[in-house]
2 protein chains.
Amino acid sequence: MSTRGRQAEAARNDLALLRAAHEVFTTQGFDAPVSAIAKEAGVGMGSLYRRYRTKEELLQRLCLIAMERSLESAEAGLAHADPWEGLALFVRAGVADRSGALAPVAGTIEVTDEMWRVARRAGEVAARLVARAHEAGVLRNDVTRLDIALLIEQFSRPAPGPPAPEHDQVKQRLLAVALDGLRAPGATGLPGEPPSPEWYERRWGQAP
Amino acid sequence: MSTRGRQAEAARNDLALLRAAHEVFTTQGFDAPVSAIAKEAGVGMGSLYRRYRTKEELLQRLCLIAMERSLESAEAGLAHADPWEGLALFVRAGVADRSGALAPVAGTIEVTDEMWRVARRAGEVAARLVARAHEAGVLRNDVTRLDIALLIEQFSRPAPGPPAPEHDQVKQRLLAVALDGLRAPGATGLPGEPPSPEWYERRWGQAP
DNA sequence: ATATTGCGGAGCGCAGCGCTCCGTTAAGCT
DNA sequence: AGCTTAACGGAGCGCTGCGCTCCGCAATAT
């Protein structure tokens with residue numbers, strides 16, 4: 001073994017598992033078999049279940065991490081001087097690490113307090129990012145922050161069939177098209193009502 | 001019974017089954033249980049399996065119908081005088097009846113000769129529709145007809161969780177954004193290479 | 001040498017699927 | 001009216017594939 005001892009291997013396994021779980025769940029859907037994650041991580045089932053007592057626990061940990069990454073992306077976007085580029089950065093980052101792919105899990109696992117807290121903070125920062133773009137006049141003013149969130153979700157949905165590099169390429173192209181469509185002022189008004197924050201939050205269960 | 005006799009009921013059941021199968025498969029994914037279709041159609045399992053000897057046979061029939069509808073939409077778009085509105089019509093129709101939701105079935109069922117024929121014709125008409133929009137200068141010239149096809153596919157992917165009307169509303173809004181992004185000339189060039197027709201066709205298996 | 005820790009993976013019990021089979025119902029026929 | 005028969009609904013069979021447990025073994029620590 002590379003560094004030293006059993007504890008080092010355990011630590012490496014832990015990371016490999018998280019990486020593998022993210023990869024498998026976001027590309028194959030959250031109902032992929034646990035054994036697929038163990039195989040992807042190059043680890044036995046025993047090692048997996050020693051760290052996470054159940055599949056749900058693994059999913060919770062994964063969601064929390066995804067939320068934290070999303071929060072970081074939003075902050076990075078806000079740190080960017082250009083309001084438009086900051087927003088675009090946030091969206092592209094969300095699609096790149098497929099944050100939205102974990103949304104289907106809504107309602108199937110229990111949401112911990114910590115998850116609620118991080119989600120709320122991420123939502124607030126994202127809202128500021130969107131508001132700044134609105135004020136700078138670089139984002140069409142009929143889209144809301146929930147439209148943005150659901151755009152990311154839409155684009156991080158797992159692709160069907162066997163994984164192919166072409167799929168990712170096309171996704172990048174379509175995302176670029178969508179981003180162009182987001183820039184002010186928008187050729188045509190958006191149809192229907194904007195989605196309500198209550199509905200959006202209720203998908204995850206009752207608030208704490 | 002409304003019209004008359006057992007044969008009338010049989011005919012109505014046939015239609016109800018096709019409607020139900022389309023509804024269930026496109027919203028829940030093609031691996032939804034057959035029993036869900038029977039229930040949605042208000043019909044027993046026996047009646048379903050008397051018409052389609054297997055789930056695959058039902059899927060083939062469904063795909064063929066979806067392809068025919070797509071072909072009709074493309075022709076309707078071409079019949080429209082305005083090149084842009086014709087194309088937009090085609091895209092919106094495709095998303096509305098979720099043609100692309102059946103794409104994940106690629107590779108899991110055998111593709112009949114008739115399906116190949118209809119798919120080819122639909123592709124040709126769609127190509128003409130796109131070419132006309134390009135020539136009229138109303139469609140950014142770095143998108144290909146495959147980008148359009150995959151845009152439709154992306155937007156007709158089933159939504160996660162329980163069906164909610166809000167999801168459809170948001171999809172309409174995001175589609176409007178994407179359509180705005182498609183109009184010439186496009187603020188930024190599209191990244192990467194356009195997808196190759198060979199890859200696109202190969203997803204369905206080997207050509208006849 | 002011995003004890004201890006973490007490892008991989010075979011296999012258990014079960015949920016949920018595709019599909020079959022059969023008792024029941026009601027239209028068509030004489 | 002009675003009989004035949006076509007079409008019906010749905011319980012249940014066999015099986016696949018899942019989450020999870022358990023145990024023999026290899027690598028370290030003493």
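Nothing here was measured: the structure is a model prediction, and the numbers come from that model. Just so we're on the same page: letters track the sequence lines, and every chain starts at 1.
The side chain of B:S47 contributes an N or O atom lying less than 4.0 Å from OP1 or OP2 of D:dG9.
D:dC8 atom P lies 10 Å from atom CZ of B:R12, rounded to whole Å. Distance, B:R51 CZ to D:dA6 P: 15 Å, rounded to whole Å. C:dG6 atom C1' lies 9 Å from atom CG of A:N13, rounded to whole Å. We find that CG of A:L48 is positioned 15 Å from P of D:dC18, with the value rounded to whole Å. Spacing between atom NZ of B:K39 and atom P of D:dG10 amounts to 9 Å, rounded to whole angstrom units. One atom, CD of B:E40, and another, P of D:dG9, lie 15 Å apart when rounded to the nearest Å.
Salt bridge present: A:R140 and B:D180 bring a charged side-chain N and a carboxylate O closer than 4.0 Å. One finds a salt bridge joining A:E85 and A:R92 here, because a Lys/Arg side-chain nitrogen approaches an Asp/Glu carboxylate oxygen to under 4.0 Å.
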Report summary line: Per-nucleotide protein contact along nucleotides 17-22 of chain C, 5' to 3', at a 4.0 Å heavy-atom cut-off (B base, S sugar-phosphate only, - neither), is SSBBB-
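When only modelled atom types and interatomic distance are considered, A:R98 and A:S156 share no side-chain donor-acceptor pair under 3.5 Å.
Just one of A:D142, A:I148, A:D147 meets the side chain to side chain contact (heavy atoms under 4.5 Å, CB included) condition when paired with A:T144; it is A:D147.
At least one cation-pi condition fails for A:R202 and A:W204: the charged atom is not both under 6.0 angstrom from the six-membered ring centre and inside a 45 degree cone around its axis.
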Requested in this report: Evaluate the salt bridge (charged side-chain N to carboxylate O under 4.0 Å, His left out) criterion for residues B:R203 and A:E166: first the C-alpha distance (whole Å), next the side-chain angles of each, then the deciding distance (0.1 Å), finally the verdict.
Outcome: CA-CA 11 Å; B:R203 293 194 307 163; A:E166 280 92 342; over 6 Å; no
